[in-house]
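Notes to accompany the following structure.
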Amino acid sequence: MERPHRFIGIIGLFLLVGFLLLSAGCTQTEEAPLNVYVAAGLKKPMDVVIAKYTNATGITVIPNYGPSGGLYTQISQGQPCDLYYSADYNLIEKLEAEGKVSEAEKFMKEFVVMTVSKTGQEKGITTAANLTSENIVVAVADPSAPVGVYSENVLKNLGLWDQLNALGNIKTRPSTVNQVALMVQSDEVDAGFTYSSTAVLYDLVTTEKYGYDLSEEIVFGDAIIKGGNEAGAEAFRDFVRENSVEFTQYGWELYA
Amino acid sequence: MRKVSIWEVLFVPLFFLLIVYPILAIIGNVTIEGMIKTFDDPIFWDSVKNTLITAFFAALLGVLMALGFGYFYIFHPGTIIYKIADFMNDLPIALPHTVAGLALLLAFGRNMFGFIGPTGLAFTLIAVVLAMFFVSYPLAARTIASAAEEIDKEQISVARTLGDTPPKAYRRVVIPLLGEAIFSGFVLSFSRSISEFAAVIMFGGNVPGMTQVLASYVFTKVEEGEVSMAVTASAFCILLSLMLVIVLRLRGRLHARSAESA
């Protein structure tokens, strides 16, 4: 009669201790890991830079990759973040207005491009106006990813947005730029709108690159979040800048 | 003084903290402003309509397939088909949802099913149904299989000796006895289908007004920073699921009462 109760009591104790340990782990300050929230499109070069940084300093960097809008919501709701790399500088300005940013800067310039898949090339798609033909399948990211907003701007400024929607040619609105690239790469769509860097990363054929008059200025920025490990964030951010060649090799230009 | 058992001490507070409290947090955060914005948005209502229709058909398909599985379980448990189906019944649950979505896209997209249309089966409402079916079928299968296990095999043998072929016996004896399980299997699949989004986004297309479902509507609103609308849509989802569970419970109680009075 006594033994089962003791056993269950021990399990309960373990659960309690487990909870306490999990929550306590986040308040240690010595060599604390750095929480960096990074826009999904920067994953490949950022992984390389993080590995370099950990090798050089021994500090663990924990990246959280996702759509910039989702990351903004997480930071805005108070999730622990030391440094935020956004694909949309507007989101950083939003955080600044909320008083959450200690130091922000513009990092790189990016452009929206139209990438065409194998079948899309066979169909002869070279310019955005070609997309309004029949049976063309287009992928445009969902507005939760900044590239989705920029792509919409381009198509609206070209006067094609309403037509494309009426025709129903925009068949899919994935939630990240990488998903759009994946669909073009696996030839599930004819054309997709991504960043020029994404096209390089995924080895896609780019047929058109759009200027800021069509897409609006696309600036990737970084922001050191107030109340986090600001010194650590600043050190990592400077390291990223020093190693910007990892990024520029994919076609990004530094915002000097 | 009655000695309090350890179950009562641990279960009650933990249950309220871990299950009830998060749900109350959503409902408690609903604002009038959020409700007005959301209910004014035709895309919201489109996603509700799409969700209800696709989840219904996904659950229907799931139950029909689960009944098929039940047939093999009762009459041909030794065959390869049954063994494979039994083994794979739980596989979709083990798969991460984006992987499931990608798998469906590569399998039914235009590279393999291009003869159907420019996108194959992908990016259509049918794709949404298939994605929902894929992730909710295991629930229906498990419900019906465990109910089939409980059936008195003698009733089936009697039907067989009286001349029924297996399909006839299945239709006339087993399925009526499975009535309760069919209903709860349907409700479980329906609920699971409503909450699926990763696979649906990948394979279904997530185009607002056409293939966007309620779960991805909420997701998009969160990612856009429109938290008040996301909360309203989530609360709507919760109320929907709550109503389903209540219906299930009432049915269960009615059934039990009629069984008692019989």
Side-chain angles (χ1 to χ4, degrees), chain A residues 1 4-13 15-16 19 66-77 88 90-91 94-95 98 117-120 123 134-146 148-149 165 168-176 179 182-183 186-190, chain B residues 3-11 13-14 17-18 29 43 98 101-114 117-124 127-128 197-198 200-212 215-227 230-231:
Chain A
M1 251 320 234
H5 279 187
R6 209 181 295 162
F7 180 61
I8 292 167
I10 293 179
I11 292 185
L13 204 64
L15 277 174
L16 206 64
F19 267 121
S68 305
L71 296 174
Y72 154 81
T73 302
Q74 288 176 22
I75 297 174
S76 184
Q77 299 282 318
D88 181 358
N90 294 323
L91 291 168
K94 261 173 116 171
L95 283 174
E98 290 170 27
S117 68
K118 194 165 69 96
T119 306
K123 288 184 182 173
E134 258 189 63
N135 284 334
I136 303 289
V137 182
V138 184
V140 177
D142 185 81
S144 62
V149 179
N165 275 316
N169 280 0
I170 301 179
K171 289 275 193 288
T172 172
R173 307 215 57 181
S175 51
T176 66
Q179 282 178 21
L182 192 67
M183 290 186 183
S186 53
D187 202 20
E188 296 290 346
V189 297
D190 296 326
Chain B
K3 189 175 168 197
V4 178
S5 86
I6 192 128
W7 295 108
E8 290 161 41
V9 170
L10 279 183
F11 175 73
L14 276 180
L17 181 67
L18 299 175
N29 267 303
I43 306 279
T98 17
L102 188 61
L104 289 165
L105 183 62
L106 294 173
F108 293 110
R110 66 191 196 170
N111 287 321
M112 298 301 291
F113 272 65
T119 55
L121 281 172
F123 312 143
T124 59
V128 177
F197 86 85
V200 169
I201 281 189
M202 253 296 194
F203 186 45
N206 190 35
V207 176
M210 310 279 310
T211 49
Q212 186 173 60
S216 49
Y217 176 87
V218 172
F219 176 72
T220 305
K221 288 298 161 222
V222 168
E223 307 282 276
E224 275 179 350
E226 289 274 9
V227 181
V231 168

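Proteins come first, then strands; the chains are lettered A, B, ... in the order of their sequence lines, and each starts at number 1. What you see below is based on every heavy atom in this structure, not just the backbone, and it leaves out hydrogens, waters and symmetry mates.
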Residues forming a side chain to side chain donor-acceptor pair (under 3.5 Å) with T119(A), sequence neighbours excluded: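 So T119(A) forms a side chain to side chain donor-acceptor pair (under 3.5 Å) with D187(A).
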Residues that T98(B) engages under side chain to side chain donor-acceptor pair (under 3.5 Å), provided they are two or more places apart: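 With neighbours one apart ignored, the set is empty.
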Minimum side-chain heavy-atom gap V189(A)-F123(B) below 4.5 Å: yes
Proximity breakdown for M210(B) and chain A, heavy-atom pairs closer than 4.5 Å: neither
Residue part contacting chain A, namely of L106(B), when any heavy atom lies under 4.5 Å: both
Nearest heavy atoms of N135(A) and P118(B), plus distance in Å: OD1-CG, 3.7 Å
Heavy-atom closest contact (R110(B) atom, D190(A) atom, distance): NH2-OD1, 2.7 Å
What part of [X] gets within 4.5 angstrom of chain B, counting heavy atoms only: side chain, backbone, both, or neither?
X	answer
T176(A)	neither
V149(A)	neither
K118(A)	neither
L182(A)	side chain

Contact winner vs chain A - L105(B), T211(B), I201(B), heavy-atom pairs under 4.5 Å: L105(B)
Over 12 non-hydrogen atoms of neighbours within 6.0 angstrom of CD in E8(B): yes
N/O donor-acceptor pair under 3.5 Å between E188(A) side chain and T119(B) backbone: no
Straight-line distance of M202(B) CE to S175(A) OG, nearest 0.5 Å: 8.0 Å
Spacing of CD1 belonging to I11(A) relative to CG belonging to L10(B), to within rounding of 0.5 Å: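 Here the interatomic distance stands at 9.5 Å.
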